[in-house]
Chemist: 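Structure in structure tokens, see below.
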Amino acid sequence: ARSGWQSLAYNGIRTDLGASERTDRGQLYGLGIGYRLGETLRLGLDVNYYFRRSALTNRNYDGLRMGASVSYGLPQ
């Protein structure tokens with residue numbers, strides 16, 4: 001299992017109207033599982049849910065990501 005939080009502070013461009021600064025916030029929640037086949041091969045599956053919130057509406061997102069892995073190495 002995993003979780004994470006992030007805070008992204010952006011310095012704005014200074015103009016005659018002032019500076020536009022913003023802080024975007026993101027979170028992650030996920031789960032993973034692995035299965036060992038023999039002593040040298042491992043199969044894994046991860047599922048993560050990400051979301052981000054910003055003052056700019058076109059920067060918001062959320063979604064589910066899935067991934068798989070195959071590892072091969074020295075005997076354990």
Chemist: Please, which pairs that meet salt bridge (Lys or Arg N to Asp or Glu O under 4.0 Å) have at least one residue in residues 41-51, sequence neighbours excluded?
Modeler: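 Checked against salt bridge (Lys or Arg N to Asp or Glu O under 4.0 Å) - neighbours excluded - the pairs reaching residues 41-51 are R2-D46.
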Chemist: Using the side chain to side chain donor-acceptor pair (under 3.5 Å) criterion, which residues pair with S3? Sequence neighbours excluded.
Modeler: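 Counting only residues at least two positions away or on another chain, S3 forms no side chain to side chain donor-acceptor pair (under 3.5 Å).
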Chemist: Please give the remaining members of the hydrophobic cluster of L45, linking ILVMFWY side chains under 4.5 Å, ordered by chain and number.
Modeler: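 Hydrophobic cluster check, L45: joined to I33.
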Chemist: Report the residues that fulfil side chain to side chain donor-acceptor pair (under 3.5 Å) with Y29, sequence neighbours left out, ordered by chain and then residue number.
Modeler: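 Partners of Y29 under the side chain to side chain donor-acceptor pair (under 3.5 Å) test: Q27.
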Chemist: So how far is it from R36 CZ to L43 CG, rounded to the nearest 0.5 Å?
Modeler: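 Going from the CZ atom of R36 to the CG atom of L43 covers 10.5 Å.
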Chemist: Check whether L8 and L56 end up in the same hydrophobic cluster, where Ile, Leu, Val, Met, Phe, Trp and Tyr are linked by side-chain heavy atoms less than 4.5 Å apart.
Modeler: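 No, because L8 and L56 fall into different hydrophobic clusters, even though each may have its own neighbours under 4.5 Å.
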Chemist: Write out all pairs satisfying salt bridge (Lys or Arg N to Asp or Glu O under 4.0 Å) with one or both partners inside residues 51-65, taking only residues at least two apart or from two chains.
Modeler: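 The answer is D24-R52.
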Chemist: Which residues, ordered by chain and number, are linked to L28 in its hydrophobic cluster, where ILVMFWY side chains connect at heavy-atom gaps below 4.5 Å, directly or through other members?
Modeler: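 Hydrophobic cluster check, L28: joined to Y50, Y61.
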Chemist: Run the side chain to side chain contact (heavy atoms under 4.5 Å, CB included) test against L41 and tell me which residues pass, sequence neighbours left out.
Modeler: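 So L41 forms a side chain to side chain contact (heavy atoms under 4.5 Å, CB included) with L37, V70, Y72.
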